[in-house]
There are 2 protein chains.
Amino acid sequence: MNAQPPIPRADIERRGLRDLVYEHILEILLTGEISPGERVSIDGLARQLNVSPTPVREALVDLERTGLVVREALRGYRVSPPLERGQLQELFIARETVETTATRLATPADDELLRALADAHAEHEKAGDRVRETTEQSNKATDTPEEARRIQVSAAQEYFARDRDFHDRILEHCGNRYLVKMSQDLGAQVHRLRQALPHGITDVAEALAEHRAIIEAFASPDSTAPEAAMRHHIRMVAHRALVEDPQTPIQENHEDP
Amino acid sequence: MNAQPPIPRADIERRGLRDLVYEHILEILLTGEISPGERVSIDGLARQLNVSPTPVREALVDLERTGLVVREALRGYRVSPPLERGQLQELFIARETVETTATRLATPADDELLRALADAHAEHEKAGDRVRETTEQSNKATDTPEEARRIQVSAAQEYFARDRDFHDRILEHCGNRYLVKMSQDLGAQVHRLRQALPHGITDVAEALAEHRAIIEAFASPDSTAPEAAMRHHIRMVAHRALVEDPQTPIQENHEDP
DNA sequence: TCCGGACAAATCCTATAGGATCTATGAAAT
DNA sequence: ATTTCATAGATCCTATAGGATTTGTCCGGA
C-alpha cells in the first residue's frame, strides 16, 4: 500500500537554487546585457538576484566550462571576448566534424525523425518570415526606433532558436550522447559568433533552402546524401560568415609582452 | 626600486584554493579510492582536506561537467557508475570522429610533430616494457602481494599516461582548439573505461604497433594515410575492448517505469 | 606633461553558522 | 514477520562575516 505515486520524483523539478541562478545569468549573457570583456561581479550578481554569493559562484564555475565567461584567479570572471576570425574557422570545422558524423549516424532516417524535421522546419520558416517582416517594418515609422529594434532582436533570437532546433532534431536521433554533448558545447560558442555579427540576418532564404535540401536528402534512398547535404550547409554558413563579412572585427589578442 | 622581477605574474601559478582542491579530488577519483556509485561527501572532503566546503563545492561543479561525478540536487554527488556497453560503443565512435579529423588536420606533419611523436612513442615503449616486467614479476614472490599489485597499477597508469601523450601530440598540432577540448572531455570518459577493466593490459604489443604505423603514415607521402592509420587504431582498440572482453559488465540502466 | 607611489573602496576568497532536507535506525502496530 | 511511523544523526544548502587581494583615485616629483 504505497500511498505515494509509483513515480514520486522521476519527473518533478528537483533543482537547487544554483540551477535557477545559472539560468538567470545565462539569460543575462545571451541577451548581451554585459559587453564582452566586461567584468561579471560575483557579489554584484548576488545582490541583484537577492541570493548569497555561494550559488552564484557555483553557477559561474559551470558557465566557465561553456566558454561564455572566463575566470582569472583572484580577479574574478569576465564575459568572454568576441571570437576572432581564426576561432571562427576552427569553430566551423569542429561543427562540420560533429554534425556530419551525427547526420551519418542518423541515416537512414525513421519516420519519427522525418516528421520532427518537417515540424521544426515549418517553425523555422515562420520565424524566418517574421524576421523579414520586422526588417521591413523597421523602415516604416510605425513604432518608436527602440521598440522596433527590440522586436527585431526578439525575432532574430526566435529565428536562431528554431534554426538550432532543426539541428538538434538530427542530433537527438544519432544515438550518440557524446556527440550530442559536443554539439551543445559548441552551441554556446555559436551563439557568441552570432552576437558578434552586428548587422541583421541576411541569409534567411539560403539557410532555409539548405535545410530543405537536408530533409530531401533524408527522404532520398541515397544513404550518403544527408551527410553531404549537412556538410554543404555548414560550409555555406561558414562561407557567408567569413567571406561575405570580411570586415568582421578581427581584433587580435595581444598578450602583455 | 622595484624588487619584483619585470614579469611578476605572466607565468607564475596563479590558482586559487579551488584549483588545488580540484586536483586533489581528481587524484582521489582516478586512483579509485571511492567506488563507482558511492557518495562523495562535500563536508567530508572539506574535513579531509582541511578546507571549507565552498571550494570543495566549486571543484565538484567542475568535476560534474567532466562526467566523473554525478549530482542530484539536495542529495549530493556520487562517483559516476561504470560505463555500460552501449556507452562504450558511443564513446569509441566519438573518439574516432574527433581524432581522425584532428589527424587529417595535422597532415602533412611538420618536423616538430614527427619528432614529438617519436619521443612520445619511445616513452610509450618504455612504459610498455615496464608493464610487461611487472606482470611477469607478479609471478615471482620477491615482493609482498600488495606491493606487487601497487607497482603493477603504477606501471599501468604510467602506460596509459604515455599512451594519451602520444595522441595529445597529434591533437596539439591539428590547429583546432575545439577539437582539443572535445578530446580532453572524452579523455575523462576513457579513463572510466579503463578503470572498469579489472584485468591487466593485454594489448601492449598491438597498441604500440598501431602507433608505430601512425608514425610511418605521417612520414609517408600519402596524405590520406595518417587518418586511415588512426581510424584503424581506434577501431582496433574498440574491437579489443568490446569483443575480446564480452564479459564486461553489461549492466543496463532501467529507468523507473 | 608624464610617471610612480599611497590610500581608499570594491571585490574576491575562505571560513563559520544555522536552517532545510535526506538517510538510517529502532519501536510499535497489523 | 512485515510494514509503518517516529526520532536522531548526518548531509546538503544558503546566508553572513572577515581577511587578502585587486583596482581606482589622488597627489607629489621629475
Side-chain angles (χ1 to χ4, degrees), chain A residues 1-25 28 34-35 37-64 68-80 256-257, chain B residues 1-25 28 34-35 37-64 69-80 256:
Chain A
M1 306 293 276
N2 201 342
Q4 296 176 2
I7 312 172
R9 56 187 55 155
D11 280 332
I12 64 172
E13 296 269 339
R14 275 289 284 208
R15 357 183 251 175
L17 187 52
R18 170 196 133 184
D19 303 288
L20 299 175
V21 173
Y22 176 89
E23 292 176 9
H24 203 290
I25 300 179
I28 291 177
I34 313 181
S35 304
E38 211 168 333
R39 299 191 56 166
V40 181
S41 166
I42 295 176
D43 292 342
L45 279 174
R47 282 191 298 269
Q48 181 180 338
L49 303 180
N50 274 321
V51 295
S52 74
T54 309
V56 175
R57 238 161 212 299
E58 295 187 358
L60 283 174
V61 172
D62 214 352
L63 281 169
E64 185 191 2
L68 288 177
V69 299
V70 290
R71 164 179 176 267
E72 216 166 341
L74 304 182
R75 286 179 59 175
Y77 292 88
R78 297 176 173 279
V79 179
S80 299
D256 298 342
Chain B
M1 9 198 271
N2 200 345
Q4 297 175 358
I7 312 172
R9 57 189 51 155
D11 280 331
I12 66 169
E13 298 270 335
R14 266 295 279 205
R15 350 181 260 176
L17 188 51
R18 171 196 132 185
D19 304 286
L20 298 175
V21 172
Y22 176 88
E23 292 176 7
H24 203 292
I25 300 179
I28 291 177
I34 313 181
S35 303
E38 210 169 334
R39 298 189 57 163
V40 181
S41 166
I42 295 176
D43 292 344
L45 279 174
R47 282 191 297 271
Q48 181 181 338
L49 304 180
N50 274 320
V51 296
S52 75
T54 308
V56 175
R57 242 161 206 300
E58 295 187 359
L60 283 174
V61 173
D62 213 351
L63 282 168
E64 184 190 1
V69 299
V70 291
R71 165 179 175 268
E72 214 167 343
L74 304 182
R75 285 180 59 176
Y77 293 88
R78 297 178 173 277
V79 179
S80 298
D256 299 342

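Within every chain, numbering begins at 1; the chains are lettered A, B, ... in the order of the sequence lines, protein sequences first and strands thereafter. Any value given below was found using the heavy atoms of this structure, including those in side chains, with hydrogens, waters and symmetry copies removed. Everything numeric here is computed off the predicted structure, so don't read it as measured data.
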Identify each donor-acceptor pair in which a side-chain atom of residues 47-60 of chain B lies under 3.5 Å from a protein atom, sequence neighbours left out, and give them as a table.
from	atom 1	to	atom 2	distance (Å)
B/Arg57	NH1	A/Glu58	OE2	2.7
B/Glu58	OE2	A/Arg57	NH1	2.7

Results of salt bridge (Lys or Arg N to Asp or Glu O under 4.0 Å) for B/Arg78 - residues two or more places apart only: none

Heavy-atom pair of closest approach, residues A/Val61 and B/Asp62: CG1-N, 3.9 Å

Stretch residues 40-59 of chain B: residues that reach within less than 4.0 Å of DNA chain C through a heavy atom: B/Val51, B/Ser52, B/Pro53, B/Thr54

Whole-Å distance separating the OH atom of A/Tyr77 from the P atom of C/dC13: 7 Å

Atom-to-atom span, CG of B/Asp19 to C1' of C/dC12 - whole angstrom: 14 Å

A/Glu72 CD to A/Leu74 CG distance, which is reported to the nearest 0.5 Å: 9.5 Å

Interatomic distance, B/Arg78 CZ vs C/dT23 P [rounded to whole Å]: 8 Å

d(CG, A/Leu60; P, C/dC12) in whole Å: 9 Å

Closest contact, heavy atoms only, A/Ser35 versus A/Val79: O-CB, 3.6 Å

Between D/dT21 (P) and A/Leu74 (CG): distance, integer Å: 8 Å

I'd like a list of close polar pairs between nucleotides 7-9 of chain C and the protein, N/O only, cut-off under 3.5 Å.
none

Set of residues satisfying salt bridge (Lys or Arg N to Asp or Glu O under 4.0 Å) with respect to A/Glu23, sequence neighbours excluded: A/Arg15

Rounded distance (Å) that lies between atom P of D/dC12 and atom CZ of A/Arg18: 14 Å

Interatomic distance where CG belongs to A/Leu17 and C1' belongs to D/dA15 [whole Å]: 11 Å

Nearest non-hydrogen partners of B/Gly16 and A/Ala73, listed with the distance: N-CB, 3.8 Å

Side-chain touch B/Leu45/B/Ile28, heavy atoms, less than 4.5 angstrom: yes

side-chain N/O A/Arg75 vs C/dC12 OP1/OP2, d < 4.0 Å: no

For A/Arg39, salt bridge (Lys or Arg N to Asp or Glu O under 4.0 Å) partners two or more places apart: none

Protein-nucleotide distance (A/Leu20, atom CG; D/dC13, atom P), rounded to Å: 13 Å

